[in-house]
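Please read the structure below before turning to the comments.
Here, residue 1 is the first one in the sequence, and each next residue gets the next number.
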Amino acid sequence: MAVSSEPPLPATAHAKPGPTLNTHPVRGPLRWFRPTIRIRLTLLYGGMFLMAGVVLLAIIYLFAANTLKEGTLEIQVFGTNITLGKANCHDLPSVGTVNDINAAIDRCLRNQRAAVLQTFLNRSLLALLGLTVVAFAFGYAMAGRVLSPLGRITRTAQRVAGSDLHRRIELGGPDDELKELADTFDEMLDRLDRAFESQRRFVANASHELRTPLAINRTLLEVQLADPDASPELAQLGKTLLATNERSEQLVEGLLLLARSENKIVDKKPVDLAEVASQALDQARAEAQAKGVEIRGVRQQAFVQGNGVLLERIALNLVQNAVRYNVPEEGWVEVTTEPQQDYAVLIVSNTGPAVPAYEVDNLFEPFRRLRTERTGSDKGVGLGLTIVRAAVRAHDGTTTAHPRAGGGLVIRVVLPRDKTTNEQATQDKTSITAHTDTSPGTPTPG
């Protein structure tokens, strides 16, 4: 065979141009080899399945060996005598031909085989049942361990939703999907915290910037109205402008209060709902007497955890709304409070115009009134019930309303009850103090 003396050509001379591979090392950890939840669950449950299979196979092997040992058929022949051991062969003939004896032995073997298989099946089923119970218990425990970070995320989210936005998960452990979820949730909380803080600063600044010019206008108008030399036309114009300015002040106060009420209450204190309702009634009593509306109701002591100013605003808005939207004659407003097992309930009902059921939810929307224009009403600025619903939600409560038979509304506010303070108050007093109001007015209807 001839050997060429020419030097071999470089490989690049014959190779066709093609894509080149990046030989530089990959920076950072490979995401494929991260201890992700999928890999961990695959290894965990795959290993558990393998261990369960090995244990089940070993148990079945032991059962099979023991069963075969117990079910072995021993045949001994001594001359013309045949002896069968460890077998229930009761139909063997003592005397007979060879064919008869072989047929009897064959029947005995089949019976013995069926009995061995039945015993083996029963024991295997019992082993499978026991191993299933153990596997479920072990799998439940391991699943709880794997999902424990998810429970921590959920508990943190609940605390954040119920209190403030300053809490963080700060989940440690491997860099898996749950860690990414927790970090993403922490970043979202940071942004929400900054947004709510910006909103609080805006509310504080708007409170100053909007109240100051309105207060200056009110002062100037009052000074002008106090001038004895002012003409009647100028005095009437000043009164009109003063009423308009007062309405603007009420609107600003309502909007600012609504903005503050949208947030959760962080600094909560025990507040007696009956005392709050009584204070609200004292503030609205003069207006009710001027309109000839009777105030009545029994208020039982019921403590809740919340902000006393906002709770008083809830009761005051409901009472003022019930007084202003009432019938011209023989009207009444009933305010009751009652403690229940887990909640404290404030109920305000009144006489008034008939309210269709489909219009009730619209009354809680901003600037919505019943059969009136969105502006131009002297009964308020249209934010009373909106503030009530927002403040109740801030206290983790619910507000429901339904038309009363004969006209008017029944509004029910349910707030979580402060059990500790209620129990202490019950121990201090042998009976719950009840506040009953029957203010002067028209007689109680029927």
When rounded to the nearest 0.5 angstrom, what distance separates [atom1] in [X] from [atom2] in [Y]?
| X | Y | atom1 | atom2 | value |
| --- | --- | --- | --- | --- |
| Thr398 | Leu415 | OG1 | CG | 8.0 Å |
| Leu131 | Phe138 | CG | CZ | 12.0 Å |
| Ile216 | Arg218 | CD1 | CZ | 10.5 Å |
| Glu222 | Asn217 | CD | CG | 11.0 Å |
| Met48 | Met51 | CE | CE | 8.5 Å |
| Asn362 | Leu385 | CG | CG | 11.5 Å |

Side chains of [X] and [Y] in contact at under 4.5 Å (non-hydrogen atoms):
| X | Y | answer |
| --- | --- | --- |
| Asn245 | Leu241 | no |
| Ser349 | Trp332 | yes |
| Gln224 | Leu234 | yes |
| Ile411 | Leu346 | no |
| Thr351 | Glu334 | no |
| Asn326 | Lys291 | no |
| Val319 | Val335 | yes |
| Val360 | Pro403 | yes |

Please report the shortest heavy-atom distance between [X] and [Y], naming the atom on each side.
| X | Y | result |
| --- | --- | --- |
| Ala288 | Ile295 | CB-CD1, 3.7 Å |
| Val345 | Ile347 | CG1-CG1, 3.7 Å |
| Val355 | Gly408 | CG2-O, 4.2 Å |
| Leu273 | Ala344 | CD2-CB, 4.1 Å |
| Glu287 | Arg324 | OE2-NE, 2.9 Å |
| Val348 | Ala322 | CG1-CB, 4.1 Å |

Mark yes or no for whether [X], through its side chain, and [Y], through its backbone, hold a donor-acceptor pair below 3.5 Å.
| X | Y | result |
| --- | --- | --- |
| Thr337 | Gln300 | yes |
| Asn122 | Gln118 | yes |
| His395 | Asn307 | yes |
| Asp272 | Ala302 | yes |
| Asn350 | Leu409 | yes |
| Thr386 | Glu365 | yes |
| Thr336 | Gly297 | no |

_Show, in sequence, the C-alpha distance, side-chain angles and deciding distance for Arg412 and Val414, and conclude whether the side chain to side chain contact (heavy atoms under 4.5 Å, CB included) test is met._
CA-CA 6 Å; Arg412 182 185 180 92; Val414 180; 3.9 Å; yes

_Exercise: do Glu275 and Gln301 side chains pair donor with acceptor under 3.5 Å_ = no

*Under-4.0 Å salt bridge between Glu338 and Arg299*: no

_Between the side chains of Asp190 and Arg194, is the shortest nitrogen-to-carboxylate-oxygen separation below 4.0 Å, so that they form an ion pair?_
no

*Taking the six-membered ring of Tyr343 as reference, does the NZ or CZ atom of Arg417 fall below 6.0 Å from its centre and within a 45° cone about the axis?*
no

*Report the C-alpha separation of Val413 and Arg389 in whole Å, then their side-chain angles, then the decisive distance to 0.1 Å, and conclude whether the side chain to side chain contact (heavy atoms under 4.5 Å, CB included) test is met.*
CA-CA 9 Å; Val413 175; Arg389 173 169 287 183; over 6 Å; no

*Go through the steps for Val333 and Glu294 under the test side chain to side chain contact (heavy atoms under 4.5 Å, CB included), then give the verdict.*
CA-CA 6 Å; Val333 174; Glu294 178 192 3; over 6 Å; no

*asked:* Using side chain to side chain donor-acceptor pair (under 3.5 Å), reason through Gln283 and Glu312 one step at a time and then give a plain yes or no.
replied: CA-CA 10 Å; Gln283 299 180 48; Glu312 183 177 344; 2.3 Å; yes

_Looking at Met188, I want to see if its CE is surrounded by more than 12 non-hydrogen atoms of other residues, nucleotides or ligands under 6.0 Å._
yes

